[in-house]
Amino acid sequence: AVSTAQDFDFFYFVQQWPGSYCDTKRSCCYPKTGKPAADFGIHGLWPNNNDGSYPSNCDPDSPYDQSKIRDLIPTMQAKWPTLACPSGDGSAFWKHEWEKHGTCSESILNQHSYFNTTLNLKKQVDLLGILRGAGIEPDGGFYSVDSITGAIRDATGFTPGIECNVDESSNSQLYQIYICVDTNAGDLIECPVYPRSKCSSRIEFPPF
Ligand code: 5GP
Ligand code: 5GP
Ligand code: 5GP
């Protein structure tokens with residue numbers, strides 16, 4: 001039988017704190033367009049299953065085609081900056097995200113709508129504003145994971161997932177925040193499953 005039903009249960013909308021990406025042994029490289037704003041940046045919109053597994057690289061016949069998203073590039077540069085080395089213009093990061101993750105939700109979002117929808121989610125969820133409103137600032141201080149989770153739950157109505165990495169002194173720090181979104185990428189939802197937390201109970205929020 002022919003089926004066009006999507007083959008996943010929800011999306012993770014993942015944002016990264018650039019201060020924590022850069023504050024590691026591997027360091028980072030600013031994009032060719034210059035140092036990004038001191039704000040959370042988009043990592044990706046990832047189809048996921050309720051059991052924690054996820055599909056990837058679903059359609060080799062749908063390569064990244066930047067000509068389809070020309071109108072979005074200035075906003076992508078600002079909101080979805082690349083910090084990997086060597087410095088790039090972002091296209092390698094966006095190509096990776098489309099081909100690994102975006103091709104797995106193609107029955108719902110074509111390439112333009114995949115990127116445009118992700119940019120709109122970023123507008124909808126101002127993580128830095130939410131945290132600042134709760135007195136949680138990127139000042140190099142340590143905050144409890146529960147206070148971070150609670151601030152975002154109070155502001156959005158849904159509990160986020162928190163991922164940490166470690167700095168050169170082995171301090172656990174706030175690296176990525178996962179927000180769950182329904183399969184139409186329209187509404188935030190309670191997460192069916194969370195990424196395994198590698199965080200200490202109190203984590204650093206480094207400046208950028
Ligand atoms: P890491 O091994 O750094 O946690 O993840 C590497 C990459 O695997 C991520 O950037 C993402 O592309 C993918 N990935 C890791 N965890 C998950 C997950 O829980 N769901 C999905 N959909 N992708 C993930
Ligand atoms: P994922 O972890 O989504 O599979 O992989 C992210 C890929 O994009 C990695 O190959 C990484 O080198 C590349 N990349 C480019 N810029 C960035 C960035 O700013 N953050 C992250 N996490 N990965 C980036
Ligand atoms: P991707 O390969 O698959 O290159 O990245 C693998 C892992 O290394 C991802 O977690 C990505 O975020 C990280 N990574 C890749 N390049 C860099 C970099 O230049 N700086 C830092 N800090 N992490 C990187």
Side-chain angles (χ1 to χ4, degrees), residues 6-59 64 66 73 75-106 108-109 114-115 117-119 121-122 127 159-183 185 189-199 204 206-208:
Q6 86 284 340
D7 210 13
F8 64 100
D9 298 318
F10 69 96
F11 287 103
Y12 281 131
F13 171 50
V14 183
Q15 298 185 55
Q16 63 181 2
W17 177 249
S20 299
Y21 187 89
C22 292
D23 186 21
T24 63
K25 232 181 337 199
R26 295 187 70 175
S27 188
C28 72
C29 293
Y30 296 155
K32 288 178 170 163
T33 42
K35 184 179 177 177
D39 187 13
F40 284 87
I42 298 169
H43 184 159
L45 184 65
W46 302 345
N48 218 86
N49 299 318
N50 288 343
D51 68 3
S53 68
Y54 60 91
S56 62
N57 298 103
C58 295
D59 185 3
Y64 177 71
Q66 195 152 300
I73 297 302
T75 315
M76 305 255 297
Q77 286 172 341
K79 305 296 181 184
W80 202 326
T82 181
L83 289 165
C85 296
S87 291
D89 63 5
S91 55
F93 190 22
W94 307 328
K95 171 182 162 64
H96 173 89
E97 293 301 310
W98 168 255
E99 291 177 354
K100 180 171 182 177
H101 300 287
T103 56
C104 300
S105 51
E106 228 179 343
I108 296 163
L109 301 171
Y114 177 77
F115 287 105
T117 298
T118 308
L119 292 171
L121 285 167
K122 170 87 177 90
L127 289 177
T159 306
I162 305 293
E163 181 184 352
C164 294
N165 66 2
V166 293
D167 72 10
E168 286 183 284
S169 321
S170 303
N171 293 309
S172 184
Q173 57 186 1
L174 176 59
Y175 172 41
Q176 298 199 115
I177 298 183
Y178 291 60
I179 303 272
C180 292
V181 181
D182 71 355
T183 47
I189 58 169
E190 200 55 37
C191 290
V193 61
Y194 288 94
R196 233 176 60 82
S197 173
K198 301 162 243 174
C199 301
E204 188 180 3
F208 178 64

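Small disclaimer: the values here were computed from a predicted structure and weren't measured. All values below come from the heavy atoms of this structure, side chains included, with hydrogens, waters and symmetry mates left out. Indexing begins at 1, ligand by ligand and atom by atom, following the structure's order.
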Problem set entry | From OG (S105) to CZ (F10), nearest 0.5 Å | 13.0 Å
For this session: Determine, for F208 and K35, whether the Lys NZ or Arg CZ falls below 6.0 Å from the six-membered ring centre while staying within 45 degrees of the axis.
Result: yes
For this session: Rounded to the nearest 0.5 Å, what's the gap from OG on S197 to OH on Y178? Could you check?
Result: 10.5 Å
Seminar exercise, completed: Numbered in order shown, the ligand 2 atoms found under 4.0 Å of a heavy atom of E97 are 1 (P), 3 (O), 6 (C)
Exercise. Will you find, in the side chains of Q173 and N165, an N or O donor that is under 3.5 Å from an N or O acceptor?
Worked result: yes
For this session: Please confirm whether P47 comes under 4.0 Å of ligand 1, counting heavy atoms of the residue only.
Result: yes
Problem set entry | Atoms of ligand 1, numbered as shown, that sit under 4.0 Å from any heavy atom of H101 | 11 (C), 12 (O), 23 (N)
Exercise. Which residues satisfy the salt bridge (charged side-chain N to carboxylate O under 4.0 Å, His left out) test with K198, sequence neighbours excluded?
Worked result: E163
Exercise. What residues sit with at least one heavy atom under 4.0 Å from ligand 3?
Worked result: Y21, T24, R26, S27, A84, C85, Y175
Exercise. If we only count N/O pairs under 3.5 Å, is Y178 in contact with ligand 1?
Worked result: no
Seminar exercise, completed: Interatomic distance, CD1@I177 vs CD1@I162, rounded to 0.5 Å, equals 4.5 Å
Exercise. How about W94 and Y64: are their ring centroids closer than 6.0 Å?
Worked result: no
Exercise. Should the heavy atoms of other residues, nucleotides or ligands under 6.0 Å from NZ of K79 be counted, would the total exceed 12?
Worked result: no
Exercise. Looking only at heavy atoms, is any part of S56 under 4.0 Å from ligand 1, and if so is it the side chain, the backbone, or both, or is it neither?
Worked result: neither
Problem set entry | Expected output: side-chain N49 to main-chain G52 donor-acceptor under 3.5 Å | no
Problem set entry | Where ligand 2 meets P81 - atom numbers and elements under 4.0 angstrom, heavy-atom basis | 19 (O)
For this session: For ligand 1, find out whether one of its N or O atoms is nearer than 3.5 Å to an N or O atom of Y12.
Result: no
